[in-house]
Visitor: 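Questions regarding the structure given below will be posed in turn.
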Amino acid sequence: MNRSSPSPADLPARSLRAVWHPCTQMKRHEGAPPLEIVRGEGVWLIDAQGRRILDAVSSWWVNLFGHNQPQIKAAITAQMDRIEHVMLAGLTHAPVVELSERLHARTGLGHAHYGSDGASATEIALKMSAHYWRNHGQPQKNRFIGLAGGYHGETVGALAVTDVPLFRQSYAPLVRVAATVPVPDLRRKPAHRSEADWVAHCASALERHLQQHACRTAALIVEPLVQCAAGFVFYPPAYLARVRELCTQYEVHLVADEIAVGMGRSGSLLACEQASVRPDFLCLSKGLTGGYLPLSVVLTTDMVYAAFYDDDVARGFLHSHSYTGNPLACSAALATLDLLDEARLAANRDLAARLDALFAPLHAHPRLTHARHLGLIWAWDVADAPADFARCFAAEALARGALLRPIGSTLYFMPPYVIDEAAAVHLRDAALGALDTVLTETRTPTPNHPRDGAAATPQASLP
Ligand SMILES: *Cc1c(COP(=O)(O)O)cnc(C)c1O
């Protein structure tokens, strides 16, 4: 078949020829082409054969209120009739102003700088932090700290703080790797330590690092409460609160990357709220537009903003990109915030409790360990997972009508907030069925990807 005579019938084959898919070793698609999705309806994706597949990962964690969501769609459509896009230098528009004001009101962070994706938000926060210290007469404060296993995006700058060797090692010569400090992963808490003790133990490692290196460190970047891409590492709010104290004490910025956990996913609008922490920089993206359009935002303090406010152009934050503050994306974010009111957050907490009860057979499953749940996030680790567990499980789940992509040997659910109990039962049963098939079949290990199935080695797995 050549490109000038496309046949709609073999779209997956055409996709493999023309599209370089993300986060994918393309050779693995031999014999397993990508699935063609033609429509979405709430939690359901509908494929070209008319099969319904439950989007249990909210399409990489972005789709908060289901597919084909009427209010968000209406907001974008109405905005489209006014102004679809206009550059944001020298000009402004209502959606970007309203969105910035509403985010300020909620976070206390009054200055919103926009990008189009999570990695760009990381870049903006890191650049702004280092530039702040430069403007402040301390240009040597330009290093960063991240938490072990942290994920903050995959552009060259963001890879500096993304502690996932599989994503970073091929680009090692391009990246100035940040320092990493241990995270109080609740699964790894030694039995003899209390939770508070475990938090203090890990925080003391950060403090030792700061004692030595704060004078050269611009910022610490963290994913509040849950490191999703690391394989759903949960840590206590007390650690985040202690991190805030230490950053203040040692004069290092705290960047909260809520790209995955923000926008209600953790049970509160922002995960930071659960530790009563106000970061110096807050990054949002993914669910910010309810999964409709690419948008990210970095919010920061008056103090940071003031350090750039000057007659000298070069002291300004000149970072820009073409679609910054796109009106359609901002109107989608405003509609998403409208949907995420206090009543919805309370309803989500009820929903989470009901779903957690429905998921009891998973909690009790003999091969699932470390059951954990926060807000509308569930995760379990598969004990003695076969090599290639993630890929085999995903295929089995798909065959049962559920889109699930385990990270290494960690199975997780991150469903849209509109999932009902019947759909949750479908999801649970699809997961149980897929587990039984994958765990009972003997499989040959894949020596090329030895870490894919290793327990709790999230560094080597694809989200
Ligand atoms: C997904 C993610 C990013 C990167 O966002 P992209 O839009 O994929 O670049 C950064 N941080 C966290 C915590 C994420 O989950």
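For the numbers below, each heavy atom of this structure counts, side chains included, while hydrogens, waters and symmetry mates do not. First listed ligand is number 1; within each ligand, the first listed atom is number 1. All values derive from a computational prediction rather than experimental measurement.
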Visitor: Carefully, step by step, assess Glu207 and Tyr250 under the rule side chain to side chain donor-acceptor pair (under 3.5 Å).
Guide: CA-CA 9 Å; Glu207 180 155 29; Tyr250 287 91; 2.8 Å; yes
Visitor: Salt bridge between Arg102 and Asp338, side-chain N to carboxylate O under 4.0 Å?
Guide: yes
Visitor: Is the shortest distance from a Lys or Arg side-chain nitrogen in Arg354 or Asp420 to a carboxylate oxygen in the other one below 4.0 Å?
Guide: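 No.
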Visitor: When the ring centroid of His253 is compared with that of Trp133, is the distance short of 6.0 Å?
Guide: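 Centroid distance His253-Trp133: below 6.0 Å, so yes.
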Visitor: To which of Glu123, Glu258, His152 does the heavy atom nearest atom 10 (C) of ligand 1 belong?
Guide: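 Nearest option to atom 10 (C) of ligand 1, by heavy atoms: His152.
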Visitor: How close does the nearest protein non-hydrogen atom get to atom 15 (O) of ligand 1, and which residue and atom is it?
Guide: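 Nearest neighbour among protein heavy atoms for atom 15 (O) of ligand 1, to 0.1 Å: Lys286 NZ, 2.6 Å.
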Visitor: In terms of side-chain geometry, is the basic nitrogen of Arg106 or Glu342 positioned less than 4.0 Å from the acidic oxygen of its partner?
Guide: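 Yes.
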Visitor: With heavy atoms of Ala260 as the reference, note each atom of ligand 1 found under 4.0 Å away.
Guide: 15 (O)
Visitor: Does Asp117 approach ligand 1 within less than 4.0 angstrom via side chain, backbone, both or neither, non-hydrogen atoms only?
Guide: both
Visitor: Any luck finding a side-chain donor-acceptor pair between Trp378 and Asp356 under 3.5 Å?
Guide: yes
Visitor: Closer than 4.0 Å to some heavy atom of Gly153 - which atoms of ligand 1 meet that?
Guide: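 Listed by number with element: 4 (C), 10 (C).
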Visitor: For Arg134, look at atom CZ and say whether over 12 heavy atoms of other residues, nucleotides or ligands are found less than 6.0 Å away.
Guide: no
Visitor: With a 4.0 Å cut-off on heavy atoms, does Trp61 reach ligand 1?
Guide: yes
Visitor: What's the shortest distance from atom 5 (O) of ligand 1 to any protein heavy atom, and which residue and atom give it?
Guide: Gly118 CA, 3.1 Å
Visitor: Would you say Ala119 has any N or O atom under 3.5 Å from an N or O of ligand 1, going by distance alone?
Guide: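 Ala119 vs ligand 1: N/O contact under 3.5 Å present.
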Visitor: Out of Asp257, Leu288, Val261, indicate the one that has the non-hydrogen atom closest to atom 12 (C) of ligand 1.
Guide: Asp257
